[in-house]
Number of protein chains: 2
Amino acid sequence: MSKGPVKECVRSRTPPRERIIETARDLFHKHGLRGVGVDAIAEAAGTNKMTLYRHFGSKDDLIAACLTEAGREAAQEWDEWEAEFANDPKKLLLEWIDCAMACAVEDPRGCDIANAAVEITEPDHPARKVIAQVKTDHRDRLARICHAAGFRDAELLADALTLLVEGARVSWQSVGPEGPGSRFVQAAQAIVAAFGGPKT
Amino acid sequence: MSKGPVKECVRSRTPPRERIIETARDLFHKHGLRGVGVDAIAEAAGTNKMTLYRHFGSKDDLIAACLTEAGREAAQEWDEWEAEFANDPKKLLLEWIDCAMACAVEDPRGCDIANAAVEITEPDHPARKVIAQVKTDHRDRLARICHAAGFRDAELLADALTLLVEGARVSWQSVGPEGPGSRFVQAAQAIVAAFGGPKT
DNA sequence: ACAGGGTGTGACCCGTCTGTAACATCTGAA
DNA sequence: TTCAGATGTTACAGACGGGTCACACCCTGT
């Protein structure tokens with residue numbers, strides 16, 4: 001099973017907190033937030049329920065922590081990309097389109113943040129503000145890049161691309177790899193072109 | 001004493017099977033598939049768990065029946081629209097864009113079919129084929145309309161609009177009414193315009 | 001050697017879940 | 001009236017959910 005790396009973590013003395021978050025993210029991703037119990041998480045993380053509850057006051061807090069970590073990871077990737085393509089924002093945009101597609105192809109379960117937004121129905125859940133924050137940050141990065149690339153209506157383009165990628169990920173889960181999601185790259189490129197491609 | 005009038009009212013309405021589906025759809029929509037139990041559904045439908053299980057072999061079957069009914073309802077609305085705008089497919093397309101936005105504004109919980117696709121993780125769940133069928137039908141209708149309206153790349157336009165509306169609904173659940181979803185109409189109209197509008 | 005904090009262990013509480021059994025009741029048609 | 005089928009009622013099984021308790025165990029720093 002996928003217990004190998006966890007055991008390794010135990011041996012290498014990775015703190016339980018990190019092991020729990022890593023394991024929980026994996027299980028939540030595969031089976032959904034309500035599809036996995038804290039006991040299963042603790043056991044898969046090579047620890048126990050008591051230690052889990054000593055680090056996270058409740059399952060909801062653990063969920064929020066997992067999404068926070070996911071957002072932190074995504075932000076770090078963005079930072080690296082932005083540094084790499086600092087002098088060519090338009091290429092960064094096209095690179096992001098390709099990468100978003102590649103990530104979706106590689107994993108049919110979509111975006112953890114968006115999935116959580118669907119699965120969490122309570123409006124005052126501790127994860128709600130994390131979800132909103134991460135998604136807003138993502139869109140704002142896109143908007144900044146669109147501005148830097150000199151597009152006419154950068155804000156609207158950022159919104160359109162945001163909706164497009166969100167839709168691709170959920171469509172993938174609905175109809176699989178042969179559905180509209182498979183044309184995400186073409187659709188995104190067409191939109192980018194329509195928003196000012198010919199400007200050069 | 002609180003027995004008679006309520007029961008009579010309930011009984012004189014519709015057969016239990018329809019009441020159960022209607023009630024289940026409402027509760028599933030509000031709290032998610034895993035967030036509501038069959039007992040609560042039966043009670044809210046004015047019946048009991050035993051009758052529910054006599055009509056639907058399992059909760060999963062009930063879920064599949066609910067999604068089937070949702071798809072049937074949506075198809076009927078489409079048929080009416082197509083009949084109404086039979087001689088002006090482009091206006092139908094724009095009308096659909098407005099209506100999709102209006103529906104999303106009215107209800108922040110998104111699309112039941114797409115939400116189910118997110119929440120159901122088992123690949124062999126009886127609802128999976130229903131989800132794929134309904135979503136595929138929706139895209140194909142859009143494609144037919146785009147073709148009829150004379151767009152250049154009707155297939156890609158249909159895909160793009162599909163992804164856009166799916167994304168709008170999930171974005172609404174992530175960041176609320178002020179997020180990118182609020183610019184869905186503008187984005188969709190811009191894409192339609194970019195794809196050539198009238199063929200000239 | 002000692003103390004203290006983080007961790008592991010097993011049991012437990014209490015509620016809810018899906019699904020079933022046995023029996024009572026009602027309804028509509030012959 | 002009588003009978004069959006659909007529905008209502010109650011209780012239960014068996015599993016699992018989140019969350020807590022008391023206590024034993026390390027390990028580390030002093």
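Below, chains carry the letters A, B, ... as their sequence lines are ordered, and counting in each starts from 1.
- In this structure, Ile20(A) atom CD1 and dG18(D) atom P are separated by 14 Å, rounded to whole Å.
- To the nearest angstrom, C1' of dT20(D) lies 13 Å from CG of Leu52(A).
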Inset, instruction - Carefully, step by step, assess Lys90(A) and Asp88(A) under the rule side-chain contact (heavy atoms from CB on, under 4.5 Å). - result: CA-CA 6 Å; Lys90(A) 186 165 182 183; Asp88(A) 194 345; 4.1 Å; yes
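- Residue pairs meeting the side chain to side chain donor-acceptor pair (under 3.5 Å) criterion with at least one partner in residues 62-73 of chain A, sequence neighbours excluded, are Arg25(A)-Glu73(A), Glu69(A)-Arg72(A), Arg72(A)-Gln76(A).
- Residue pairs meeting the side chain to side chain donor-acceptor pair (under 3.5 Å) criterion with at least one partner in residues 156-168 of chain A, sequence neighbours excluded, are Lys135(A)-Glu166(A), Arg139(A)-Asp159(A), Asp159(A)-Arg183(B).
- In this structure, Phe28(B) atom CZ and dC17(C) atom P are separated by 12 Å, rounded to whole Å.
- For Asp137(B), the side-chain hydrogen bond (donor to acceptor under 3.5 Å, both in side chains) partners two or more places apart in sequence, or in a different chain, are Arg141(B).
- One interatomic measurement links the two molecules: CG of Asp61(A) to C1' of dG19(D), which rounds to 13 Å at whole-angstrom precision.
- Contact between Lys49(A) and Ala42(A) at its shortest, heavy atoms only, is N-CB, 3.5 Å.
- The backbone N or O of His55(B) sits nowhere less than 3.5 Å from a side-chain atom of Arg17(B) that would complete a donor-acceptor pair.
- With no hydrogens or angles considered, no side-chain donor-acceptor pair links Asp153(A) and Gln186(B) at under 3.5 Å.
- Residues from residues 119-128 of chain A that place a heavy atom under 4.0 Å from any atom of DNA chain C: there are none.
- For Asp39(B) and dG15(C), the CG to P distance is 16 Å, given to the nearest whole Å.
- Note on residues 116-146 of chain A: pairs passing ring pair (Phe, Tyr, Trp, His ring centres under 6.0 Å), not counting sequence neighbours, are Trp78(A)-His138(A), Trp96(A)-His138(A).
- Spacing between atom CD of Glu43(B) and atom P of dT9(D) amounts to 11 Å, rounded to whole angstrom units.
- When rounded to the nearest whole Å, the span between CZ of Arg34(A) and P of dG18(D) equals 12 Å.
- When the P atom of dG19(C) is taken as reference, atom CD1 of Ile41(B) falls 11 Å away, rounded to whole Å.
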Table of protein N/O atoms under 3.5 Å from nucleotides 5-9 of chain C N/O atoms:
| residue | atom | partner | partner atom | Å |
| --- | --- | --- | --- | --- |
| dT7(C) | OP2 | His55(A) | NE2 | 3.0 |
| dG8(C) | OP2 | Thr47(A) | OG1 | 2.7 |
| dG8(C) | OP2 | Thr51(A) | OG1 | 3.0 |
| dG8(C) | N7 | Arg54(A) | NH2 | 2.9 |
| dG8(C) | O6 | Arg54(A) | NH2 | 3.4 |

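- Residues Ser174(B) and Ile113(A) are not in side-chain contact: their nearest non-hydrogen atoms beyond the backbone lie 4.5 Å or more apart.
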